[in-house]
Amino acid sequence: MKIAEIFTSLQGEGLASGYPTIFIRLAGCNLSCSYCDTPASRQGGTDMDVSEVVARVLLEKPHYVCITGGEPLLQKNEVTVLSCQLMNAGKKVSIETNGTVPFDDLPDGVSVCMDVKCPSSGESSVVTLLPNLKSTDSVKFVVGTDEDLKYAEKIIHTHPIHAEIFISPIYGTDYQQIATYILEKNLPARMQLQLHKFIGLP
Ligand SMILES: C[S@@+](CC[C@H](N)C(=O)[O-])C[C@H]1O[C@@H](n2cnc3c(N)ncnc32)[C@H](O)[C@@H]1O
Ligand SMILES: Nc1nc2[nH]cc(C(=O)O)c2c(=O)[nH]1
Ligand code: SF4
Ligand SMILES: [Mg+2]
């Protein structure tokens, strides 16, 4: 596996936000989002066997593990084996993915958080993957402009989504304006902020 970093922090996003979590950040990405806060992980990385990653993770205490990147599903075969071994060891595994790689063949116990890339990212996700999300999964719209909000609203209202919906401001954008939009439109979505960035955690 190409690994960018393995670290422990509080989960800053999504369904397990606030919980101590072990992060496995895989290296390599197929997109180049305008706002990406981890551009260094889009290439390079250190070669590690799955068994080495498991051994490293099991040195840490948290129950939650978040496999992220870069785009982790570019290494889907290894991620599948890794997830199974971590779940067998009693860990709760989630995956952050950019919505360009099918995830319906991942092990059942894994909680998928699928990004839907909005216009200001300069990228796009495969929105036809949305119906494959389960109730234990989540979808995240990272927004920074009115166009992004309008896009998120359109996708939410035109695609069957069985998962929790998060609207996440690009860090440093106008949180009040985004909150006002969600309220005015009464979107069936939870606004989140990247908790770790406000605390100063990785
Ligand atoms: C770094 S990405 C890695 C996983 C996957 N490549 C993806 O984009 O979903 C993890 C999450 O951070 C979000 N993110 C990246 N840069 C951000 C920023 N500047 N502000 C808010 N969220 C950001 C992404 O949209 C994604 O939800
Ligand atoms: N604390 C913390 N929580 C996170 N949740 C998702 C992250 C990511 O980069 O995928 C992330 C991250 O980078 N740090
Ligand atoms: S898909 Fe994720 S890792 Fe890749 S550029 Fe976009 S935010 Fe960054
Ligand atoms: Mg991050």
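Note that ligands are numbered from 1 as they come in the structure, with each ligand's atoms numbered from 1 the same way.
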Looking at [atom], what's its closest protein heavy atom, distance included?
atom	result
atom 1 (C) of ligand 1	T38 OG1, 3.1 Å
atom 6 (N) of ligand 1	G70 O, 2.9 Å
atom 9 (O) of ligand 1	T97 O, 3.2 Å
atom 20 (N) of ligand 1	Y171 N, 3.0 Å
atom 8 (O) of ligand 1	K117 NZ, 2.8 Å
atom 10 (C) of ligand 1	T68 OG1, 4.0 Å
atom 12 (C) of ligand 2	H196 NE2, 3.6 Å
atom 12 (O) of ligand 1	E13 OE2, 3.8 Å
atom 16 (N) of ligand 1	D37 N, 3.0 Å
atom 7 (C) of ligand 2	E13 OE2, 4.0 Å
atom 11 (C) of ligand 2	F23 CE2, 3.8 Å
atom 8 (C) of ligand 2	T68 OG1, 3.6 Å

Do [X] and [Y] come close enough that some side-chain heavy atom pair is under 4.5 Å?
X	Y	value
D148	K150	no
I24	V53	yes
K197	D37	yes
D137	L15	no

How about [X] and [Y]: does a side-chain donor come under 3.5 Å of a side-chain acceptor?
X	Y	result
D49	S51	no
T100	N30	yes
S17	Q11	no
Q177	D146	yes

Item to check | Part of P169 with heavy atoms under 4.0 Å of ligand 1, whether side chain, backbone, both or neither | outcome: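 Just the backbone.
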Pull out every atom of ligand 2 sitting under 4.0 Å from any heavy atom of [X], numbered as shown with elements.
X	answer
P202	1 (N), 2 (C), 14 (N)
S9	1 (N)
G12	1 (N), 2 (C), 3 (N), 4 (C)
E96	6 (C), 10 (O)

Going by the order shown, which atoms of ligand 1 are within less than 4.0 Å of some heavy atom of [X]?
X	value
C36	16 (N)
G69	1 (C), 3 (C)
I170	20 (N), 21 (C)

Next on the checklist: Test side-chain contact (heavy atoms from CB on, under 4.5 Å) on I22 and C66; report intermediate values, then the result.
Outcome noted: CA-CA 6 Å; I22 308 158; C66 179; over 6 Å; no
Checklist entry - Taking everything shown except K185 itself, do over 12 heavy atoms lie less than 6.0 Å from its NZ? => result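 No, NZ of K185 has 12 or fewer neighbouring heavy atoms, counting only those of other groups under 6.0 Å.
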Next on the checklist: What I want to find out is whether E71 reaches R42 closely enough, with some N-O distance under 4.0 Å, to be called a salt bridge.
Outcome noted: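 No, this pair does not count.
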Next on the checklist: Closer than 3.5 angstrom, by distance alone: can the side chain of T173 be matched with the main-chain N or O of P169 as a donor-acceptor pair?
Outcome noted: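 A pair under 3.5 Å: no.
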Next on the checklist: For K117, is there any backbone N or O sitting under 3.5 Å from a side-chain donor or acceptor partner on S125?
Outcome noted: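 Yes, S125 side chain to K117 backbone: donor-acceptor pair under 3.5 Å.
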Checklist entry - Under 30°, 30 to 60°, or over 60°: which ring-plane class applies to Y171 and F198, parallel, tilted or perpendicular? => result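 Rings of Y171 and F198: perpendicular, over 60°.
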Next on the checklist: Checking contacts here: is it the side chain or the backbone of R25 that comes within 4.0 Å of ligand 2, counting heavy atoms only? Could be both or neither.
Outcome noted: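 Looking at R25 and ligand 2, just side chain atoms fall under 4.0 Å.
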Next on the checklist: Geometry only, no angles: is L10 polar-contacting ligand 2 at N/O separations under 3.5 Å?
Outcome noted: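 For ligand 2, there is an N or O atom that lies under 3.5 Å from one belonging to L10.
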Checklist entry - Would you say Q11 and ligand 2 have an N/O pair spaced under 3.5 Å apart? => result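 Q11 vs ligand 2: N/O contact under 3.5 Å present.
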